[in-house]
Amino acid sequence: MSAIVIDGRKVSKDIKDELIDKVSNLKDKGVLPTLAVVLVGNDAASQVYVKHKKKACEYVGIRSLAYELSEDTSEDELLKLINELNKREDVHGILVQLPLPKHINEDKILLAINPSKDVDGFHPYSVGNLSIGRDGFVSCTPAGIIELIKRYNIDIEGKNCVVIGRSNIVGKPVSMLLTKENGTVTMCHSRTKNIQEVCKRADILVVAIGRANFVTKDFIKDGATVIDVGMNRLDNGKLCGDVSYDECAHVAGAITPVPGGVGPMTIAMLMNNCVKSAEISASSL
Ligand code: NAP
């Protein structure tokens, strides 16, 4: 039997289409949702990400303000720009594209963003809210994973959820979100013993390690939901996940492909956070 293929491109488009109506309502109230996107330097991958984010803003109707700064921008100059954006009432979200050039301290920059505009959800205030179960901005890839699972009507409550990877941007937040949804969560990492056995008990397996085809069919319980976050570029230029898709798709009940699974959800959730921020700001008018 072949698994249901979880189509992240379709869900991402559905979410963006839903946001078009919300943006239109906000515009009727005189609020134009606005995202400031800050890019420092010439990193090719970052330039592509920023281009996709701007395109998504256009699609949804969000105004994007682009700040493309040279590689030699100082930390102080960047902090000054963030402070200006923090103060602007017409800016609802601030996104600083990572990684930053080495001479700039990323933690210091992320900490400078006003948490009420932290649409990437990386500020410690946002992470703290998530960890104590309060509302706030949730980082986009983990939020996108939960949204995908929910939109395919896959129950999380009471399920054994295993997450491989404990990074601050994927593994930890997605583990917290699965716990919030009443899943029973095990987080694995590079020191986990008998990882294959642990994964084989999972009803929902989320893999975020950055190792091509690490998870084989022997990790998967019959009928499990498998979410592959990995994005690995092979020598032949092809993009590939952390899960060996072809063999796992015969054992899993539902599975995300790479590309076209989790990837497209990240930008959709960024748009969602931006609209949410504008709605909060509109409610205080
Ligand atoms: P990361 O910061 O490098 O963290 C990798 C995690 O995997 C670490 O916790 C590490 O364990 C664990 N790990 C590494 N090798 C392992 C092994 N052999 N067995 C068990 N655990 C192992 O990576 P990340 O930023 O979370 O990203 C993970 C992947 O997701 C990457 O391919 C990245 O490109 C992709 N990604 C995709 C999106 C998207 O689709 N939008 C967004 C973000 C990331 P230790 O902590 O013990 O070192």
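Every value quoted in this text rests on a predicted model; they were computed, and no experiment measured them. Counting starts at 1 for both ligands and their atoms, following the listed order.
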*Identity and distance of the protein heavy atom lying nearest atom 7 (O) of ligand 1*: Ile209 CG2, 3.2 Å
*asked:* Tell me whether Leu111 shares a hydrophobic cluster with Val96, the cluster being built from Ile, Leu, Val, Met, Phe, Trp, Tyr side chains joined at under 4.5 Å.
replied: no
*Relative to atom 30 (O) of ligand 1, which among Val229, Val215, Thr266, Val174 owns the nearest non-hydrogen atom?*
Val229
*With a 4.5 Å limit on heavy-atom distance, are the side chains of His92 and Ile280 in contact?*
no
*asked:* Counting non-hydrogen protein atoms only, what is the nearest one to atom 32 (O) of ligand 1? Give residue, atom name and distance.
replied: Met231 N, 2.9 Å
*Tell me which protein heavy atom sits closest to atom 25 (O) of ligand 1, plus the residue, atom name and distance to 0.1 Å.*
Ile169 CD1, 3.4 Å
*Which heavy-atom pair separates Ala3 from Ala254 by the least distance, and what is that distance?*
CB-N, 3.8 Å
*Numbering the atoms of ligand 1 from 1, which are under 4.0 Å from a heavy atom of Ile164?*
20 (C), 21 (N)
*Is it the side chain, the backbone, both or neither of Asn168 that has a heavy atom closer than 4.0 Å to ligand 1?*
neither
*Distance flag for atom 21 (N) of ligand 1, protein heavy atom under 4.0 Å*: yes
*Just jot down the ligand 1 atoms closer than 4.0 angstrom to any heavy atom of Val170, in number order.*
26 (O), 43 (C), 44 (C)
_Criterion side chain to side chain contact (heavy atoms under 4.5 Å, CB included) against Leu110, the qualifying member of Leu98, Asp118, Leu100_ = Leu98
*May I ask you to identify the nearest protein heavy atom to atom 42 (C) of ligand 1, giving residue, atom name and distance to one decimal place in Å?*
Thr141 OG1, 3.4 Å
*For atom 16 (C) of ligand 1, grab the closest protein heavy atom and report residue, atom and distance to one decimal in Å.*
Arg211 NE, 3.8 Å
_Close-contact set for ligand 1 against Gly165 heavy atoms, below 4.0 Å_ = 6 (C), 7 (O), 9 (O)
*Below 4.0 angstrom from a heavy atom of Asn232, which ligand 1 atoms are there? Numbered from 1 as shown, please.*
32 (O)
_Protein residue, atom and distance nearest to atom 11 (O) of ligand 1, heavy-atom basis_ = Ser190 N, 3.3 Å
_Option with minimal heavy-atom separation from atom 23 (O) of ligand 1, where the choices are Ser167, Gly261, Gly230_ = Ser167
_Side-chain heavy atoms of Gln47 within contact of Gln97, under 4.5 Å_ = no
*Taking only heavy atoms of Gly210, which atoms of ligand 1 are found under 4.0 Å from at least one of them?*
28 (C), 29 (C), 31 (C), 32 (O)
*With heavy atoms of Ile195 as the reference, note each atom of ligand 1 found under 4.0 Å away.*
20 (C)
_Can you give me the closest heavy-atom contact between Ala212 and Asp242, atom names plus distance?_
N-OD1, 4.3 Å
*Closest approach of any protein heavy atom to atom 18 (N) of ligand 1, naming residue and atom*: Phe214 CE1, 3.3 Å
_Would a single hydrophobic cluster contain both Ile195 and Leu205, if residues Ile, Leu, Val, Met, Phe, Trp and Tyr are joined by side-chain heavy-atom contacts under 4.5 Å?_
yes
*Can Thr225 and Tyr152 be said to form a side chain to side chain contact (heavy atoms under 4.5 Å, CB included), step by step?*
CA-CA 10 Å; Thr225 297; Tyr152 273 81; over 6 Å; no
*With a 4.5 Å heavy-atom cut-off, do Lys22 and Met271 have their side chains touching?*
no
*Flag the pair Tyr67 / Leu81 as yes when at least one side-chain heavy-atom distance between them is below 4.5 Å, and no otherwise.*
yes
*Just wondering, are more than 12 heavy atoms of other shown residues or ligands nearer than 6.0 Å to OH in Tyr59?*
yes
*Could you tell me the residue and atom name of the protein heavy atom closest to atom 9 (O) of ligand 1, and the distance to it rounded to 0.1 Å?*
Arg166 N, 2.8 Å
_Residue that, paired with Ile94, satisfies side chain to side chain contact (heavy atoms under 4.5 Å, CB included) out of Val119, Thr34, Asp120, Asn86_ = Asn86
*Please name the pair of heavy atoms, one in Pro264 and one in Gly261, separated by the smallest distance, quoted to 0.1 Å.*
CD-O, 3.2 Å
*Assess Thr192 for proximity to ligand 1: is some non-hydrogen atom of it under 4.0 Å away?*
no
_Close-contact set for ligand 1 against Gly263 heavy atoms, below 4.0 Å_ = 40 (O)
*Would you call Ala208 a ligand 1 contact, heavy-atom distance under 4.0 Å?*
yes
*What part of Met265, side chain, backbone, both or neither, has a heavy atom within less than 4.0 angstrom of ligand 1?*
neither
